[in-house]
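For reference, positions follow the sequence shown, starting with 1.
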Amino acid sequence: MVEMERMNSDGGSSIRRRSLSLSSHRSHHTDNDVDCESVSEAGDIGDRALPSRRFSESNSFHSENGSTVRPLPRELSSTPPDAVVGSEDSKLEPPKGLPPLLDYVSCMAHLAVFGILGVLTRYLLQKLFGPQVANVTSNHTILYLDLPSNMIGSFLMGWFGVEFKKDISHVSEHLVIGITTGYLGSLTTFSGWNQKMLELSASGHWVISALGFVIGLSLVAVSIAFGVETAKGFRWLLNRLNITSPENGISKINYKVNSYHRQMTAMVIFLVILGILWGVSGALVKAKFKHGGSAAELWFACMVGPIGVWIRWFLARLNGRGLGKEGLFQWIPFGTLIANVSAACVMAALSTIKNAVNTRDCDTVVAGIQFGVMGCLSTVSTFAAEFNAMRKTNDPWRAYAYAAITICVSFSLGILIYCIPYWTKGFDIDT
């Protein structure tokens, strides 16, 4: 009898230890998933943000705060996963707006229009703060030409991509995607930043190049943090004026683009605007191309810029997914990382081609692709939002690891692509 009691005691203790172990594993797994999802939602998740796409994903459900949460593995959940997912999915209603194909078309139109506006704003900020007007930024200093647009875009991301993102999505999901992924993603550029630091290091200014990365990252991080704090202050003011609801922060504006007719109208309007922008840009490119110069490069960039936005938006679906079926390194936003690294590499290759060919027409086309496609494919505002979200998780070191990976990989590959042709051919690098 004593032996039986001892065995039962040991068995119960074993079960309790296993239960505690599973509970701890489940808690850690849940916290890690929530952190990864918060980072993804702060940045960009591509077409997973579309209502039709969210409804079709039966392997996930939506929590009360609007974020996507994946069910725990069967062995870690005290409740059968099928029951949990089934109960949540039963609460979801099919999207009432456009069918999936038209939903994609409408989103692409929003991205293209806002992307072109981002290209134009970036060009104006370059001219305003550059040597021709304010003389604050330059190609040959730590304060590179795209620094003002990266800082302003990150600041605005704190407003419209973090604090007021939910309020804007209450009106239109496509509007949120257009402003954050389209406009702010195209207003800021990582490839331009990387290329300027790469050119400085290639000409022997390694210290200035390193400081350019450190100071640039610091200013961007401060900009988005300042944007978030000022947006919170503005929300507090709106609450005091009784314009928003203090319980959930949703604006009291009741207009929503959530019906078929309203979404169809918005799609047609943005397609017309896109046609006008492309038509004007094409006419100006035709008039300015034979003379070359920055004007021809700008309008050519406006024509091809949406390509970069669309590619980045499709890549963003990889954010928060991790590698393989196990979701390894899920905390790394691979979509944003791939977009920034690939844009930096292509930017370096195009610079090599432009320096080697050195003709007016080639300079116009290459510079237009660099400023348009590569400038829109890479982004600092989304990168800053992800960096800021990572710093607020249980593992803030991930933010700095993510920044180091992005910068080191982009710079290392870029310097090889940019310099090896000149080292092997014995040419001088034109900076």
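Considering only heavy atoms from C-beta on, Ser381 stays 4.5 Å or farther from Leu187 through its side chain. Between Asp167 and Arg235 the shortest side-chain heavy-atom distance falls below 4.5 Å. Residues Phe164 and Ile179 fail the side-chain proximity criterion, which asks for heavy atoms closer than 4.5 Å. With a 4.5 Å cut-off on side-chain heavy atoms, Glu173 and Leu50 do not count as touching. Using a 4.5 Å cut-off on side-chain heavy atoms (C-beta onward), His261 and Met264 make no contact. At a threshold of 4.5 Å between non-hydrogen side-chain atoms, the residues Thr188 and Met157 do not count as touching. Within the 4.5 Å cutoff, the side chain of His174 has no heavy atoms near those of the Val257 side chain. A 4.5 Å side-chain heavy-atom check between Leu298 and Val119 finds at least one atom pair inside the cut-off.
A donor-acceptor distance shorter than 3.5 angstrom exists from the side chain of Gln370 to the backbone of Met347, with no hydrogens or angles considered. Judged by distance alone, with hydrogens and angles left aside, the side-chain atoms of Ser281 form no donor-acceptor pair with the main-chain N or O of Trp278 at under 3.5 Å. For the pair Arg398 (side chain) and Trp331 (backbone), a donor-acceptor distance under 3.5 Å is absent. Not a single donor-acceptor pair under 3.5 Å links the side chain of Thr393 to the backbone N or O of Ala389. Asn388 contributes no side-chain N or O that, together with a main-chain N or O of Ala221, makes up a donor-acceptor pair within less than 3.5 Å. Side chain of Ser106 to backbone of Leu102: no donor-acceptor contact under 3.5 angstrom is found. A side-chain donor-acceptor contact under 3.5 Å links Gln330 to the backbone of Gly320. Ser201 places a side-chain N or O within donor-acceptor distance of the main-chain N or O of Leu198, the cut-off being under 3.5 Å. A distance-only check finds a donor-acceptor pair linking the side chain of Arg360 to the backbone of Lys290 [under 3.5 Å]. Judged purely by atom type and a 3.5 angstrom limit, Ser209 has no side-chain atom pairing as donor or acceptor with the backbone of His205.
Checking Ser191, Ser186, Ser342 one by one against Ser378, the side-chain hydrogen bond (donor to acceptor under 3.5 Å, both in side chains) holds for a single residue, Ser191. A ring pair (Phe, Tyr, Trp, His ring centres under 6.0 Å) with Tyr402 holds for exactly one of Phe383, Phe387, Trp397, Phe329; it is Phe383. Here the options are Ile332, Leu328, Leu318, the test is side-chain contact (heavy atoms from CB on, under 4.5 Å), and the partner is Leu323; only Leu328 passes. Each of Leu337, Thr336, Asn340, Ile338 was compared with Leu315 under the side-chain contact (heavy atoms from CB on, under 4.5 Å) criterion, and only Ile338 meets it.
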Might you work through the side-chain contact (heavy atoms from CB on, under 4.5 Å) test for Trp299 and Tyr123, ending with a clear yes or no?
-> CA-CA 10 Å; Trp299 298 117; Tyr123 178 82; over 6 Å; no
Derivation and outcome, side-chain hydrogen bond (donor to acceptor under 3.5 Å, both in side chains), residues Ser154 and Ser223 = CA-CA 6 Å; Ser154 298; Ser223 296; 5.7 Å; no
Could you walk me through whether Leu277 and Cys302 pass the side-chain contact (heavy atoms from CB on, under 4.5 Å) check?
-> CA-CA 8 Å; Leu277 289 174; Cys302 290; over 6 Å; no
Can Trp193 and Phe190 be said to form a ring pair (Phe, Tyr, Trp, His ring centres under 6.0 Å), step by step?
-> CA-CA 5 Å; Trp193 174 19; Phe190 177 82; 5.7 Å; yes
Worked verdict on Asp361 versus Phe289 for side-chain contact (heavy atoms from CB on, under 4.5 Å) | CA-CA 8 Å; Asp361 292 347; Phe289 189 83; 3.6 Å; yes
Please step through side-chain contact (heavy atoms from CB on, under 4.5 Å) for the pair Asn355 and Tyr418, ending with a clear verdict.
-> CA-CA 10 Å; Asn355 291 337; Tyr418 184 67; 3.4 Å; yes
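The two atoms that bring Val304 and Gly368 nearest to each other are CG2-O, 4.0 Å, heavy atoms only. Taking each heavy atom of Met303 and Val285 in turn, the nearest pair found is SD-CG2, 3.9 Å. Nearest heavy-atom pair across Leu184 and Gly153 is CD2-O, 4.0 Å. Residues Ala296 and Thr364 come closest through the heavy atom pair CB-CG2, 3.8 Å. Scanning all heavy atoms of the two residues, the minimum distance from Asn258 to Gln263 falls at CA-NE2, 3.7 Å. Taking all atoms of both residues into account, the shortest heavy-atom contact from Gly192 to Asp146 is CA-OD2, 3.8 Å.
Expressed to the nearest 0.5 Å, how far CG of Leu274 lies from NE2 of His110 amounts to 11.5 Å. Rounded to the nearest 0.5 angstrom, Trp313 CH2 and Met108 CE are separated by 6.5 Å. One finds the OG1 atom of Thr137 at 7.5 Å from the CG atom of Leu143 (value rounded to the nearest 0.5 Å). One finds the CD atom of Gln195 at 13.5 Å from the OH atom of Tyr144 (value rounded to the nearest 0.5 Å). Separating the CZ atom in Phe129 from the CG atom in Leu145 is a distance of 12.0 Å, to the nearest 0.5 Å. To the nearest 0.5 Å, atoms CH2 (Trp310) and CG (Leu111) are separated by 8.5 Å.
A cation-pi arrangement is absent between Arg321 and Phe334 under the rule of less than 6.0 angstrom and at most 45 degrees off the ring axis.
Between Tyr183 and Phe160, a ring centre-to-centre spacing not shorter than 6.0 Å is recorded.
Here Thr181 pairs with Asp44 under the side-chain hydrogen bond (donor to acceptor under 3.5 Å, both in side chains) rule; sequence neighbours left out.
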